[in-house]
Amino acid sequence: MAGLKNVLPFISLVFILYAGAVTAQLRQNYYANTCPNVESIVKTAVTKKFKQTFVTVPAVIRLFFHDCFVSGCDASTIIASAGGNTAEKDHPDNLSLAGDGFDTVIKAKQAVDAVSKCKNKVSCADILALATRDVIVLSGGPSYAVELGRLDGLSSTAASVEGNLPKPTFTLNQLNAMFASRGLSQADMIALSACHTVGFSHCNKFMNRIYNFSPNSSVDPTLNKQYATQLQAMCPRNVDPQIAVDMDPTTPRKFDNVYFKNLIDGKGLFTSDQVLFTDARSKGTVNTWATNSQAFNTALIQALTKLGRVGVKTGTNGNIRFDCGRFN
């Protein structure tokens with residue numbers, strides 16, 4: 001045991017130094033010399049896609065989140081299954097990722113590579129990070145500087161997804177544990193959950209809350225009664241599995257802090273949303289951000305920046321893909 005006590009501080013120091021090295025690689029204006037106009041090129045491509053369909057917004061944000069939470073922010077979720085390998089995107093938890101998210105990154109990558117100076121110089125992972133900022137701004141959310149310098153991952157397996165994404169039924173303890181394992185605090189988790197303000201969900205993800213919640217109550221008692229009735233009308237028992245509803249019933253096309261006001265009104269669509277208000281440990285944050293949009297925006301920017309640092313690939317652990325959907 002004495003030997004282990006001596007080793008543990010060393011292991012911690014190594015981890016801190018490694019994490020510091022990864023963060024040091026990420027910086028604003030990373031492509032200043034290799035592709036100085038990358039941000040405007042990506043923004044133009046994302047804006048064009050946004051004008052075609054609003055789904056671009058939640059699709060890109062969710063793709064970024066799913067990518068970073070599984071094996072780090074390395075665009076491995078964009079890889080297509082091939083040659084007997086079932087990739088991340090074909091795991092059941094990722095099958096509901098909207099195609100518009102993948103399409104946005106692929107089109108932005110094509111636009112970047114169409115500039116001779118930039119060709120094969122910018123990673124798909126960085127393009128996804130930039131596109132996430134751009135869709136948030138396009139839908140009314142805050143702008144922020146994006147750290148760049150991620151490499152694209154060299155591996156993508158469906159098996160790696162298992163147990164690495166939060167579920168709609170999660171409690172606060174489960175949410176906090178999953179986010180903490182990626183260096184994210186409870187405040188970060190609450191801020192990132194608010195991205196549901198522009199999200200949508202298929203009915204099967206919350207049917208248990210409106211039909212057979214418990215032996216004592218068919219409807220989850222933490223759910224606003226009128227809202228529950230509306231959800232039952234939109235999602236009848238025999239609903240088509242393709243039907244989806246807005247996660248924010250108030251301002252579904254605007255990235256704002258109304259998500260928190262909805263929680264106060266009992267209009268959190270998932271158990272994992274509503275628990276942020278029903279649990280005393282997170283209720284205060286919900287109340288604060290429901291009335292102070294600036295405080296929320298500041299916390300959101302910090303959370304998104306920290307999310308973008310998760311599992312970043314450096315050196316020989318990654319490369320810059322020629323095609324975001326397949327390995328070089």
Sequence neighbours excluded, every pair satisfying ring-ring contact (aromatic ring centres under 6.0 Å, His included) that has a member inside residues 201-254: none
Using modelled atom types only, decide if a donor and an acceptor are shared between the side chain of D188 and the backbone of S185 within a distance under 3.5 Å. yes
I'd like to know if D100 and K49 make a salt bridge, using a cut-off of under 4.0 Å between side-chain N and carboxylate O. yes
Please check if any side-chain donor atom of T222 sits under 3.5 Å from a side-chain acceptor atom of D220, or the reverse. yes
State whether a side-chain donor-acceptor pair under 3.5 Å links T314 with N317. no
Any link between L269 and L276 through a network of hydrophobic side chains (Ile, Leu, Val, Met, Phe, Trp, Tyr) touching at under 4.5 Å? no
Salt bridge or not between R253 and D248? Use side-chain N to carboxylate O under 4.0 Å. no
Looking at K121, is its backbone amide N or carbonyl O close enough to the side chain of T34 to form a donor-acceptor pair, meaning the two atoms are under 3.5 Å apart? no
Would a distance-only check, ignoring hydrogens and angles, find a side-chain to backbone donor-acceptor pair under 3.5 Å from N292 to A295? yes
Quick note, disulfide (SG to SG under 2.5 Å) partners involving residues 275-328, not counting sequence neighbours, are C124-C324
Please walk me through it: do D126 and Y31 pass side chain to side chain donor-acceptor pair (under 3.5 Å)? CA-CA 10 Å; D126 277 346; Y31 297 102; 2.5 Å; yes
Residue pair N216 / S214, side-chain donor-acceptor N/O under 3.5 Å: no
Quick one: does R133's side chain have a donor or acceptor within less than 3.5 Å of a partner on A129's backbone? no
Is there a path from L26 to V42 through hydrophobic residues (I, L, V, M, F, W, Y) whose side chains come within less than 4.5 Å of each other? no
Note, V219 side chain near K225 side chain (heavy atom, < 4.5 Å): no
ILVMFWY network linking V60 to L148, side-chain heavy atoms under 4.5 angstrom: yes
With a 3.5 Å distance limit and no angle check, can you tell me whether T197 reaches the backbone of A194 through a side-chain donor-acceptor pair? no
Would you mind checking if R309 and E147 are paired as a salt bridge, meaning a charged N to carboxylate O distance below 4.0 Å? yes
Does D279 have any salt bridge (charged side-chain N to carboxylate O under 4.0 Å, His left out) partners at least two apart in sequence or in another chain, and if so, which? R281
With a 4.5 Å cut-off on side-chain heavy atoms, are L307 and F69 touching? yes
In the structure I gave you, are the side-chain heavy atoms of K261 and L263 within less than 4.5 Å of one another anywhere? no
Strictly by ring-ring contact (aromatic ring centres under 6.0 Å, His included), give each pair with a member in residues 238-287 just once, sequence neighbours left out. H196-F270, F260-W289, F260-F296
Is any side-chain heavy atom of L175 closer than 4.5 Å to a side-chain heavy atom of V275? yes
Short side-chain to backbone donor-acceptor contact, R321 and N120, under 3.5 Å: no
Holding to disulfide bond (SG atoms under 2.5 Å apart), I want the full list of residues that pass it with C195, two or more places apart in sequence or in another chain. none
Salt bridge flag under 4.0 Å for residues D134 and K43: no
For the atom pair OG (S155) and NZ (K313), what is the distance rounded to the nearest 0.5 Å? 8.5 Å
Sequence neighbours left out, what passes side chain to side chain contact (heavy atoms under 4.5 Å, CB included) with N176? Give chain and number order. L172, Q186, M189
With a 3.5 Å distance limit and no angle check, can you tell me whether D74 reaches the backbone of D152 through a side-chain donor-acceptor pair? no
Under 3.5 Å, is there a donor-acceptor pair between the R62 and N94 side chains? no
Below 4.5 Å, heavy atoms only, C-beta onward: do T44 and T47 meet side chain to side chain? no
Establish, from distance only, whether the side-chain atoms of N212 and S218 form a donor-acceptor pair under 3.5 Å. no
Between N297 (side chain only) and G141 (backbone N and O only), is there a donor and an acceptor less than 3.5 Å apart? no
So, does N85 use its side chain to make a donor-acceptor pair with the main chain of S156 at under 3.5 Å? yes
Kindly indicate, with the supporting measurements, whether the criterion side chain to side chain donor-acceptor pair (under 3.5 Å) is fulfilled by N257 and S293. CA-CA 6 Å; N257 67 330; S293 60; 4.9 Å; no
Taking the side chain as everything from C-beta on, heavy atoms only, tell me whether E88 gets closer than 4.5 Å to S71. yes
May I ask you to decide if K267's main-chain N or O and D265's side chain share a donor-acceptor pair within less than 3.5 Å? no
salt_bridge(D113, K119) N-O dist < 4.0 Å: no
Decide whether L63 and L165 are clustered together by the hydrophobic rule: side chain heavy atoms of Ile, Leu, Val, Met, Phe, Trp, Tyr closer than 4.5 Å, transitively. yes
Take T171 and N173 through the side chain to side chain donor-acceptor pair (under 3.5 Å) test and state the conclusion after the steps. CA-CA 5 Å; T171 63; N173 284 344; 5.2 Å; no
Same apolar cluster (I L V M F W Y, side chains within < 4.5 Å links), L304/I190: yes
